[in-house]
Amino acid sequence: LDGNVQGCLAYSPDGRSLSMCFAYHLDRQGQPEWFYSFAAFDPTNGQAVQRFIPDKHHSNPSIIQYSPDGRLIFIGTNGSEIPVWDANSGKLLRILEGNPGIAWSSTPSSDGRRMIIGNMNGTASIWSIDTLEQLAITLHAASGEWVTITPEGFFTASAHGADLLHVVQGFHTTGIDQVYQALYRP
């Protein structure tokens, strides 16, 4: 390692393991490359209890979050992908694609059914923990207005949040007011 190491960590919900995620920079024959890996450790003795080996290069990790039941580990990255790992087997289950920004924070919903990934660009992605499908993206504007839109195109918004939306088909842009009633779902 040449000193360029980034990391993040999280305790499992039962407190029995501490997962740590690292991105490290290697210089291979003048070709710098970033890699990431992570492992779960027993916090009482520091011994590794599970190592997670990515099968390909992913973006650098920015957050790590367990699902409330402790069976899944979500790794937020500085790209548009969120790798999801089985906490017990160490296997990559799925890569959630379509996260609209650099993951900056995360939290499960209070009922444990959804994972919310907050991004540096003012958006938040909402994912189903059971199906690992994206449920919605919320955009918060500097004006205080917000809009939440589903993958199907339905939305809900603050009083003037819908003004942030436009419908685009090819090179034609339509104001949301022309399709508001068909797509608005409070």
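Index from 1, following the sequence.
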Is a donor from one side chain sitting under 3.5 angstrom from an acceptor on the other, for [X] and [Y]?
X: S19; Y: Y66; answer: yes
X: S128; Y: E133; answer: no
X: D111; Y: S109; answer: yes

Original post:
Strictly under 6.0 Å, is that where the ring centroids of Y11 and F41 end up?
Top reply: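 They do not qualify: ring centres at least 6.0 Å apart.
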Original post:
Below 6.0 angstrom between ring centroids: does that apply to F38 and W85?
Top reply: yes
Check this for me: [X], atom [atom1], are more than 12 non-hydrogen atoms of other residues, nucleotides or ligands nearer than 6.0 Å?
X: E152; atom1: CD; value: yes
X: R94; atom1: CZ; value: yes
X: R71; atom1: CZ; value: yes
X: W146; atom1: CH2; value: yes

Subject >> pair L135-R114: side-chain heavy atoms closer than 4.5 Å >> reply: yes
Original post:
Between the side chain of D14 and the main-chain N/O of R16, is any donor-acceptor distance below 3.5 Å?
Top reply: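 Checked: pair present.
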Mind listing the closest non-hydrogen atom pair of [X] and [Y] along with its distance?
X: T156; Y: P186; result: OG1-CA, 3.6 Å
X: F155; Y: V147; result: CD1-CG2, 4.1 Å
X: P108; Y: Q65; result: CD-NE2, 3.7 Å
X: N121; Y: T123; result: OD1-OG1, 2.6 Å

